[in-house]
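Data block below; observations after.
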Amino acid sequence: MKKRVYIKTFGCQMNENDTEKIYILLSDEYEATSNPEEADLILINTCSVREKPQHKVYSEAGRYKPLKKKNPDLIIGITGCVAQQEGENIIKKLPYVDIVLGTQGFYFIKEALETFKKTKKPVVFTELKPDFKPPLILKDDKNSVFTDRKVTAFVTIMQGCDNFCSYCIVPYVRGKEISRPPEDILKEVEALVKMGVREVTLLGQNVNSYGLKEKGYPDFAELLEMVSQIEGLWRIRFTTSHPKDLSEKLIKVMAENPKVCKHIHLPLQAGSNKILKKMNRKYTKEDYLEKIRKLRTAIPEIGITTDIIVGFPGETEEDFKETVEMLEKVRYQEIFSFKYSDRPFTLAQKLNNKIPEEVKERRLKIIHETQAKITKEIYESYVGKEVEVLVEDYSAKNKEKLMGRTTTNIIVNFNTPRLDLKGALVKVLITEAGKHSLKGEYLKTLKI
Ligand code: SAH
Ligand code: SF4
Ligand code: F3S
């Protein structure tokens, strides 16, 4: 009988994708369980982008400590960005942790488990190589630990980041930017399509710089075209785009290639040029608005989302107002907003004029209120329209309904006479706008 592994994942889509790879790597010895109480191996795949998720790791690990009393053979491991950041310190703080594997180290999980079983001593692997070649890990019928087939999947096309935005820890915990070979990416997508996947999201910290450092690699726009040739793949998404590197070539592919979804996540971070400069973002708000104009001219229906940080050191009321103004000017479909958080290694951490917590709170609230109104108006403009939805699953709250997304990346829950449409592309009439999703009625099946 196989042993059981439980993995708790924090952080971004890249971390979710790494978790998926860990499951595959372990699949000949372990099957997945959703219950940590019955696991032989518990892994926490961690995020350190802000202080809060980092702290969560320690409380999460604490919950599993008592399980070791019941099962002395239980192995507990920490992987991901906090593992990379803290290394040996994790063992010092949490002596019951057995393995610590960084953002490249997790590929060696089997070796780490072997070593631990032999030596019974904690194994820490947090080396970050600038020329690391992530191994090709393909999903197939045998190594898929979950029985339910997914319609959508993530594919990491590049690791690391070279941008060093002054607030951000990612370049320190994910290392130098490395683009994966296009052949590996194509093989990975093909394998997923064989498993029933219809939509892939290509992942990188800055997908717009894909391939630029390597000789003979396609650029990102060309990679999109290559991936779109794969038969049986219907939709392609990608994230994240850095505004400074968003090219006209990419906008053209987005406009013309029917498989590329009409959605872009384009993190603004702040609306004041002074703050953008201090953040080392390398664009002005005028440059940013110009890119938005080009996107909307080429793709009028495009859904645009963004990330905002409030309370960066030295952010005045005036600076903050400029961020609010940008929300009103751009009219994002949805935003993700965060209070600035000091991170180790970063330049911003050393800046003066830190903003008090209550000011950050207030600014975040204003951002939320401003955006809620805009999102509502945009969602309401969908009512009465017919949209294409790729069916991902039953609705989370109601198994009598189905859910999927529009090409612009809005969740749609809809009534349907047929519930066996997972993986189909259907036409839905939008009847109601919710806060975070749309509601509708099934009209017809377009592709199955
Ligand atoms: N590479 C992506 C995502 C980076 S992390 C990008 O460039 O957009 C996701 C988001 O977390 C960032 O866009 C930023 O808005 C936020 N973030 C990163 N570091 C932060 C910090 N120190 N404090 C608050 N938010 C932060
Ligand atoms: Fe962080 Fe900036 Fe790199 Fe994004 S582009 S991961 S915000 S350093
Ligand atoms: Fe977090 Fe690491 Fe992703 S810090 S946001 S899990 S790259």
Side-chain angles (χ1 to χ4, degrees), residues 10-12 46-58 81-82 84-86 89 160-174 205-206 240-245 265-292 305-330 332 334-372 374:
F10 293 101
C12 62
T46 61
C47 171
S48 60
V49 78
R50 284 168 292 277
E51 208 178 344
K52 232 184 182 169
Q54 188 188 333
H55 282 319
K56 269 195 216 151
V57 176
Y58 295 98
C81 294
V82 178
Q84 188 63 49
Q85 179 194 329
E86 295 277 299
N89 283 339
C161 183
D162 289 347
N163 285 310
F164 294 92
C165 302
S166 66
Y167 50 80
C168 185
I169 196 174
V170 171
Y172 304 94
V173 290
R174 290 262 167 188
Q205 297 301 343
N206 177 13
T240 298
S241 290
H242 194 304
K244 79 177 162 63
D245 299 317
H265 184 64
L266 200 63
L268 169 69
Q269 311 299 2
S272 131
N273 285 341
K274 180 191 96 192
I275 297 294
L276 285 172
K277 191 146 204 272
K278 286 217 247 172
M279 286 179 160
N280 192 28
R281 290 291 287 180
K282 301 196 178 82
Y283 53 82
T284 61
K285 74 171 171 191
E286 291 78 17
D287 300 335
Y288 186 95
L289 286 170
E290 180 57 17
K291 302 248 160 140
I292 297 286
T305 55
T306 203
D307 290 348
I308 297 288
I309 298 177
V310 299
F312 184 84
E315 184 188 69
T316 62
E317 280 304 313
E318 275 310 305
D319 295 324
F320 171 66
K321 263 195 205 134
E322 289 188 66
T323 303
V324 178
E325 275 164 26
M326 281 296 275
L327 298 189
E328 281 158 350
K329 263 197 197 136
V330 179
Y332 295 103
E334 197 107 49
I335 65 165
F336 301 89
S337 47
F338 313 101
K339 286 183 281 183
Y340 166 81
S341 163
D342 261 344
R343 304 313 292 133
F345 318 118
T346 63
L347 275 176
Q349 178 206 220
K350 300 192 193 103
L351 294 175
N352 297 323
N353 300 321
K354 294 279 159 63
I355 306 300
E357 190 59 25
E358 58 280 11
V359 176
K360 288 196 258 184
E361 287 283 354
R362 181 171 51 76
R363 290 183 184 167
L364 192 66
K365 201 164 158 249
I366 296 171
I367 291 286
H368 283 163
E369 286 165 3
T370 311
Q371 185 56 37
I374 298 168

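Bear in mind the structure is a predicted one, so any value in this text is a computation, not a measurement. Keep in mind that the numbers below use all heavy atoms, side chains included, and drop hydrogens, waters and symmetry copies.
Between Phe312 and Tyr167, the two ring planes are perpendicular [angle over 60°; tilted spans 30° to 60°].
Judged by distance alone, with hydrogens and angles left aside, the side-chain atoms of Thr346 form no donor-acceptor pair with the main-chain N or O of Cys168 at under 3.5 Å. Without hydrogens or angle criteria, Lys291 side chain to Pro243 main chain gives a donor-acceptor distance under 3.5 Å. Of the possible polar contacts, none joining the Arg281 side chain to the His242 backbone as a donor-acceptor pair under 3.5 Å is found. For the pair Lys354 (side chain) and Gln349 (backbone), a donor-acceptor distance under 3.5 Å is present. Under a 3.5 Å cut-off, the side chain of Thr46 and the backbone N or O of Val82 do form a donor-acceptor pair. Between the Asn280 side chain and the Phe164 main chain, a donor and an acceptor come within less than 3.5 Å of each other. Thr323 places a side-chain N or O within donor-acceptor distance of the main-chain N or O of Gly271, the cut-off being under 3.5 Å.
With values rounded to the nearest 0.5 angstrom, Leu364 atom CG is found 8.0 Å from Phe320 atom CZ. Note: Leu347 CG to Ser166 OG = 6.5 Å, rounded to the nearest 0.5 Å. The structure places CD of Glu361 at 5.5 Å from CD of Glu357, a figure rounded to the nearest 0.5 Å.
The shortest side-chain heavy-atom distance between Lys329 and Ile292 does not fall under the 4.5 Å cut-off. Two residues are said to be in side-chain contact when any heavy atoms from C-beta on lie closer than 4.5 Å; Glu51 and Ser341 meet this criterion. Between Leu289 and Val330, the closest side-chain pair of non-hydrogen atoms falls below 4.5 Å. With a 4.5 Å cut-off on side-chain heavy atoms, Phe338 and Ile308 do not count as touching.
Between the side chains of Glu322 and Asn273, no donor-acceptor pair of N or O atoms lies under 3.5 Å. A side-chain N or O of Lys244 and one of Asn163 form a donor-acceptor pair less than 3.5 Å apart. In summary, the side chains of Thr240 and His265 do not present any donor paired with an acceptor at a separation below 3.5 Å, with no hydrogens or angles considered. Side-chain atoms of Gln85 and Ser48 include a donor-acceptor pair closer than 3.5 Å.
Look at Lys321 and Glu325 and you find no salt bridge, because none of the NZ, NE, NH1 or NH2 atoms lies under 4.0 Å from a carboxylate O.
Closest non-hydrogen pair, Lys285 versus Leu276, comes out as N-CD1, 3.8 Å. Residues Ile309 and Glu315 come closest through the heavy atom pair O-OE2, 4.1 Å. Closest of all the heavy-atom pairs between Met326 and Tyr332 is O-CE1, 4.4 Å. Ile275 approaches Ala270 most closely through the heavy-atom pair CG2-CB, 3.7 Å.
Here the rule is side-chain contact (heavy atoms from CB on, under 4.5 Å) with Gln371, and of Val324, Thr306, Ile335 only Ile335 fits it.
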